[in-house]
2 protein chains.
Amino acid sequence: MTTSDGAAFRQVLDNLGRAIIDGRMAAGDTDTVDAIVARSGASRPVVREATRVLVSLGMLTAGRRVGLRVRPRAEWDLLDPQLIRWRLASPDRETQLDELRGLRLAVEPEAARLTAIRGIGAEELSGIADQLERSTLERDGPAFLDADRRFHALLLAAAGNGMLARLRDVVDEALRERTPGDPAHWQAAPGDIALHREVATAVAARDAERAAVAMRRILAT
Amino acid sequence: MTTSDGAAFRQVLDNLGRAIIDGRMAAGDTDTVDAIVARSGASRPVVREATRVLVSLGMLTAGRRVGLRVRPRAEWDLLDPQLIRWRLASPDRETQLDELRGLRLAVEPEAARLTAIRGIGAEELSGIADQLERSTLERDGPAFLDADRRFHALLLAAAGNGMLARLRDVVDEALRERTPGDPAHWQAAPGDIALHREVATAVAARDAERAAVAMRRILAT
DNA sequence: CTTCTTGAATAGTATGACTATTGGAGGCAC
DNA sequence: GTGCCTCCAATAGTCATACTATTCAAGAAG
């Protein structure tokens, strides 16, 4: 296992990242490499590497004589999966989930439109819709969620836009958060499945508008 | 000036990033820290810090005994502004611009919709539309482009979604690429300005659908 | 042919020293 | 008093070196 490799680095990075995200280090606060070394017990190279990453994520600036300064939230790279994970494990959790929903509502209908225009992946989408139906009949929660994830991931990938495809990993962070076993879920499932099928058939028919509308309805649920 | 601070680190990071982006180091290729140290002339800590950042950007994996391995493109953090800049300076440039257009087409109409629902920023949007008109009358290209950037940035910020707001910096990379002075531009400007006004008034009227449609038409140009 | 052992390659970690930059304090001129 | 200049000290940046831990792969053993 890789449990203990790069552990020092990861832990320092994680601690700093979390401290900034949840406001224990607020925007404008300063700190120094040496202070972090002393606090964390890690060596200087490790701390420096961690701060470099945080600088690259827009969370810190580093200046001689000034030390490390926390940047305002507006400048953080909120689309980085690592940051999303930190936010999901912070008091910001609900906000992060809301924002992910908003982002999906913006991006996925358009991805469905593009995929329909390209007419790509219709068969796979239809196959995944079958799996959605099967897992519903069998009341197999994990299988349902997994199929759902693959459906949306495939759609984003098939749009032929690398940046949209990248959002797959971003929204995946949200989808991974869902837990199976909600009884109310199975009642809503039939309509949900029908909408997924609608997307698949619209893509097969290259009907961009229909695909986008159906996808929007899926996400509006 | 900060011209020469962190120069060693930045240069190593830039060289490696560019080499990966433009395929001189292809997916699956391996390299070692020591080799990079030898090639670049920089010290080990500097090279290590750069590789840490590239790992965090999803472009590299680091393993003992294996060294550094370039990850496939699908796993790169294509939404990171730094990566976008690298792509814009690579043979991938046109693809990157296309993808940015696609992303805007997905995100900005939805941002307009959300902003309209919240009814926020209508006055500022209207003011920027005025500036668009004024700069058109005066044939002031840079002023026009700047106002246009501020219009779209404000709209993304006003949607109240941090992740959407973050996309402002992402699309800004594209908007910065435009050059003023295209004569054909001024002929299209009146319609463009009218659409911007339409967005502003729709936001003021809290008419989400109208705002989204107008924004979509702006981007479809 | 398969499985285990062993070794070498390589990233990870640590330490210490030196350099360069820069913000601020204190002094100096006006 | 005010504003400018000088100098100093704090701090990140850079470098060299050594040691540790991990892991792949070759070779040995069965």
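What's counted below: heavy atoms across the whole structure, side chains too, no hydrogens, waters or symmetry copies.
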Self-check item: Most 5' of A/S43 and B/T32 on DNA chain C, judged by nearest nucleotide
Solution: B/T32
Quiz item: Pick the nucleotide of DNA chain C nearest each of B/D31 and B/P45; which residue has the one closer to the 5' end?
Solution: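 Between the two, 5'-proximity favours B/D31.
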Take the protein atom [atom1] of [X] and the nucleotide atom [atom2] of [N], then report the distance between them rounded to whole Å.
X     : N      : atom1 : atom2 : result
B/E49 : D/dC15 : CD    : P     : 10 Å
B/L68 : D/dT22 : CG    : P     : 19 Å
B/D34 : C/dA11 : CG    : P     : 6 Å
B/F9  : C/dA20 : CZ    : C1'   : 18 Å
A/I36 : C/dA14 : CD1   : C1'   : 17 Å
A/R10 : C/dG12 : CZ    : C1'   : 11 Å
B/R69 : C/dA9  : CZ    : C1'   : 14 Å
B/D5  : C/dA20 : CG    : P     : 12 Å

Quiz item: What nucleotide, of C/dT15, D/dT23, D/dG13, holds the atom closest to the side chain of B/R65?
Solution: D/dT23
Quiz item: Which of the following nucleotides, C/dT13, C/dT22, D/dA12, is nearest to the side chain of B/R48?
Solution: C/dT13
Quiz item: Can you find a pair of side-chain heavy atoms, one from B/L68 and one from B/T30, that are under 4.5 Å apart?
Solution: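 Side chain of B/L68 against side chain of B/T30, heavy atoms only: no contact under 4.5 Å found.
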Quiz item: Between A/R139 (side chain) and A/T136 (backbone), is there a donor-acceptor pair under 3.5 Å?
Solution: yes
Exercise. Check each of B/N15, B/V12, B/D31 against B/R39 using the side-chain contact (heavy atoms from CB on, under 4.5 Å) test, and report the only one that passes.
Key: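 In the set B/N15, B/V12, B/D31, the residue that makes a side-chain contact (heavy atoms from CB on, under 4.5 Å) with B/R39 is B/D31.
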Exercise. Would you mind listing every side-chain hydrogen bond (donor to acceptor under 3.5 Å, both in side chains) that reaches into residues 81-91 of chain A, with sequence neighbours excluded?
Key: A/D14-A/W86, A/R85-A/E173, A/R87-A/D92, A/R87-A/Q96, A/R87-A/E99
Quiz item: What does A/R52 touch in the nucleic acid at a heavy-atom separation under 4.0 angstrom: a base, only the sugar-phosphate, or nothing?
Solution: sugar-phosphate
Quiz item: Does A/E49 pair with A/R52 as a salt bridge, N-O distance under 4.0 Å?
Solution: no
Quiz item: Between CZ of A/F144 and CZ of A/R134, what distance do you get to the nearest 0.5 Å?
Solution: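 So the CZ of A/F144 and the CZ of A/R134 are separated by 13.0 Å.
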Exercise. Apply side chain to side chain contact (heavy atoms under 4.5 Å, CB included) to A/L145 and A/R149, showing your working.
Key: CA-CA 6 Å; A/L145 293 184; A/R149 270 177 55 191; 5.8 Å; no
I'd like a table of atom pairs between the protein and nucleotides 17-19 of chain C - only N or O on both sides, under 3.5 Å - with the distance next to each one.
| from | atom 1 | to | atom 2 | distance (Å) |
| --- | --- | --- | --- | --- |
| C/dA17 | N6 | A/R44 | NH2 | 2.6 |

Quiz prompt | A/M215 and A/H152: CA distance, side-chain angles, deciding distance, side chain to side chain contact (heavy atoms under 4.5 Å, CB included) verdict | solution = CA-CA 9 Å; A/M215 180 55 87; A/H152 293 272; 3.8 Å; yes
Self-check item: Identified stems (criterion: three or more consecutive Watson-Crick or G-U pairs, under 3.5 Å), DNA chain D
Solution: C:1-30 with D:1-30
Quiz item: More than 12 non-hydrogen atoms from neighbouring residues, nucleotides or ligands closer than 6.0 Å to CD on A/E123, yes or no?
Solution: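 No - once you tally the heavy atoms of other residues, nucleotides and ligands closer than 6.0 Å, there are 12 at most.
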